[in-house]
Amino acid sequence: MRLKIFLIAVGFMKLQKDIYRLIKKIPRGKVTTYGTIARELKISARSVGQILHRNPDPAHIPCHRVVDRNGRLAENFAFGGAREQYRLLFNEGVKFKDFLHVDLEKYL
DNA sequence: AAGTTGACGACGA
DNA sequence: CTCGTCGCCAACT
């Protein structure tokens with residue numbers, strides 16, 4: 001049982017590490033897009049979403065700073081939905097056009 | 001082991 | 001801007 005958890009953790013480490021490295025350097029009050037991360041990692045944008053969705057380590061990965069290419073929030077945000085993501089970003093001083101759209105033009 | 005599922009993206013209409 | 005399609009690919013049945 002415990003072993004299983006360990007193995008899963010190790011398995012996640014591969015991509016988690018790469019994504020973590022990119023996401024963690026996002027300055028406060030800024031955001032990035034899935035596509036940007038995807039190109040950096042040489043993987044599909046979809047995979048980035050996939051990996052973040054089944055978020056391996058939400059405590060150490062500021063996934064709320066990741067939006068889609070239109071600056072749109074993820075309505076299916078794993079932790080509390082878009083509402084929660086909105087709140088987190090707002091706390092960092094990110095300006096919004098409306099509930100679901102971040103003010104891009106000044107992302108990472 | 002094979003099929004389904006999406007925090008997406010690009011392109012056309 | 002939205003909507004529909006297709007390509008994408010790791011994770012999950």
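Chain letters run A, B, ... following the sequence lines, proteins first, then strands; residues in each count from 1. Note that the structure is a prediction, hence the values are computed from the model and not measured.
Counting only Watson-Crick and G-U wobble pairs whose two distances sit under 3.5 Å, DNA chain B takes part in these stems of three or more pairs: B:2-6 with C:9-13, B:8-13 with C:2-7.
Here the closest non-hydrogen pair linking Arg21(A) and Lys24(A) is O-CG, 3.5 Å. Scanning all heavy atoms of the two residues, the minimum distance from Leu41(A) to Ile19(A) falls at CD2-CG1, 3.5 Å. For Asp98(A) against Tyr86(A), the heavy-atom pair with the smallest separation is O-CE1, 4.3 Å. Closest approach of Cys63(A) to Asn55(A), counting heavy atoms only: SG-ND2, 2.9 Å. In this structure, Thr32(A) and Thr36(A) approach most closely via the heavy-atom pair OG1-CB, 3.7 Å.
One atom, CG of Leu73(A), and another, P of dC8(B), lie 12 Å apart when rounded to the nearest Å. Summarising the geometry, the separation between CG on Leu41(A) and C1' on dC9(C) is reported as 13 Å, rounded to the nearest angstrom. Taking atom CD1 of Ile23(A) as the reference point, atom C1' of dC8(B) lies 14 Å away to the nearest angstrom. Atom-to-atom, NE2 of His53(A) to C1' of dC8(C) comes out at 18 Å; the value is rounded to the nearest Å. Atoms CG (Asp18(A)) and C1' (dA10(C)) sit 13 Å apart, rounded to a whole Å. Nucleotide dT2(C) holds its C1' atom 10 Å from the NE2 atom of His101(A), rounded to whole Å. Between Ile19(A) atom CD1 and dC8(B) atom C1' the separation is 13 Å, expressed in whole Å. Computed from coordinates, the Asn55(A) CG to dC12(C) P distance equals 12 Å when rounded to whole Å.
A continuous path of ILVMFWY side-chain contacts below 4.5 Å connects Leu108(A) to Tyr34(A), so both sit in one hydrophobic cluster. Tracing side-chain contacts under 4.5 Å through hydrophobic residues (I, L, V, M, F, W, Y), one never reaches Leu88(A) starting from Phe79(A); they form parts of separate clusters.
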Where do Thr33(A) and Val66(A) land on the side-chain contact (heavy atoms from CB on, under 4.5 Å) test, with the steps shown first? CA-CA 5 Å; Thr33(A) 67; Val66(A) 184; over 6 Å; no
Let's go through Lys30(A) and Glu92(A) carefully: what are the C-alpha distance in whole Å and the side-chain angles of both, what is the deciding distance for salt bridge (Lys or Arg N to Asp or Glu O under 4.0 Å) to 0.1 Å, and is it a yes or a no? CA-CA 8 Å; Lys30(A) 305 256 178 160; Glu92(A) 299 188 347; over 6 Å; no
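In this structure, of dG9(B), dG6(B), dC12(C), it is dG9(B) that holds the atom nearest to the side chain of Tyr34(A). Out of dA11(C), dC8(C), dG6(B), the shortest distance to the side chain of Ser44(A) is found at dC8(C). With dC12(C), dA7(B), dC8(B) as the candidates, the nucleotide lying closest to the side chain of Ala45(A) is dC8(B). Side-chain proximity of Arg54(A) to the nucleotides dG9(B), dA7(B), dC12(C) is greatest for dC12(C).
Between Ser47(A) and Thr33(A), the one whose closest nucleotide on DNA chain B sits nearer the 5' end is Ser47(A).
For dA10(C), the base adopts the anti conformation, since its glycosidic angle falls more than 90 degrees from zero.
No more than 12 heavy atoms of other residues, nucleotides or ligands lie within 6.0 Å of CZ in Phe90(A), so this atom counts as exposed by the packing criterion.
The side chain of Arg46(A) places no N or O atom within less than 4.0 Å of a non-bridging phosphate oxygen (OP1 or OP2) of dG7(C).
A heavy-atom distance below 4.0 Å to DNA chain C is reached by none of the residues of residues 75-87 of chain A.
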